[in-house]
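We count ligands from 1, going down the list as the structure has it; atoms in each ligand are counted the same way.
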Amino acid sequence: MTKALIVIDMQRDFCPGGLLAVADGDGVVAPINAMMYEYDAVVLTQDWHPADHSSFADNHPGATAFSVTQMPYGPQVLWPAHCVIGTPGADFHPGLAVDRADLILRKGFRAGIDSYSAFFENDRTTATGLTGYLRDRGIRDLTFVGLAHDFCVAWSAMDAARLGFKARVVEGACRAIDLDGSLDAARDGMTRAGVILA
Ligand code: VGL
Ligand code: ZN
């Protein structure tokens, strides 16, 4: 079976010193680079938001970061501004072996809707196009790594399993935000969706 490594959001803003830093986020760069050689295809995702993005707390007067608001498509965590298009924080971590990637998929570029998953935006219906790309290449076996374990990695892996891909998360090559038990909840959700946690 053709196998792909899907590297989620390994960007400066999710690493120490970034605007939405995940603890030890940069600690997974070296293991991910090493894993890239074991796959037939490598896909990188890139969180890619306009400055007026509706997931940013700053764009909701009076709201604090990490609170939850109601969006037309459901509940949405309000984040500190991060991965703004064209800023250094949106760049990949400088140590990531970006040249090994076949595809770089950007997500979250619509101001009115966030996109944790690499497959569907947070309304759960707007497709990013990744499903078609993988199916057209005959890729059915997916391994997920990157940031953040409990948000974009988990949502991507759960969607992959629901779409009928073989979906595996290598937890040692992920780091979590862990907001109010979100890592345990994400692990639970992934297991129930049929994702293999390795
Ligand atoms: C992510 C929150 C907001 C992630 C992206 O990559 O997990 N989390 N945007
Ligand atoms: Zn984001």
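Any N or O atom pair closer than 3.5 Å counts here, and D47 shares at least one such pair with ligand 1. In terms of N/O distances under 3.5 Å, ligand 1 is not approached by F14. Ligand 1 has no N or O atom lying under 3.5 Å from any N or O atom of W79, backbone or side chain. Looking at ligand 1, you'll find an N or O of A148 within less than 3.5 Å of one of its N or O atoms.
Taking the charged nitrogens against the carboxylate oxygens, R168 and D141 have no contact shorter than 4.0 Å, which rules out a salt bridge.
Taking the ring centroids of F151 and W79, they lie under the 6.0 Å cut-off. Taking the centre of each ring, F109 and H53 stay at or above the 6.0 Å mark.
For the pair R100 and Y37, the cation-pi test (distance below 6.0 Å, angle within 45°) is passed.
Atom numbering of ligand 1 starts at 1 in the shown order; those under 4.0 Å from a heavy atom of D9 are 4 (C), 6 (O).
In this structure, H82 counts as a contact residue of ligand 1, since one of its heavy atoms falls inside 4.0 Å of the ligand.
Among the backbone and side-chain atoms of H49, an N/O/S atom is found under 2.8 Å from the Zn ion (ligand 2). Not one N, O or S atom of C83 sits under 2.8 Å from the Zn ion (ligand 2).
Contact record, D13 with L19: OD1-N, 3.1 Å, taken as the closest heavy-atom pair. Of all heavy-atom pairs spanning R137 and D102, the tightest one is NH1-OD2, 2.9 Å.
Using a 4.0 Å cut-off between heavy atoms, L147 contacts ligand 1 through its backbone alone, with no side-chain atom that close.
The number of heavy atoms from other shown groups lying within 6.0 Å of CG (D180) does not exceed 12.
If you check the side chains of S117 and D159, you find a donor sitting under 3.5 Å from an acceptor.
Closest approach between the Zn ion (ligand 2) and any N/O/S atom of D47 involves OD2.
Nearest protein heavy-atom contact of atom 1 (C) of ligand 1 is C152 SG, 3.2 Å.
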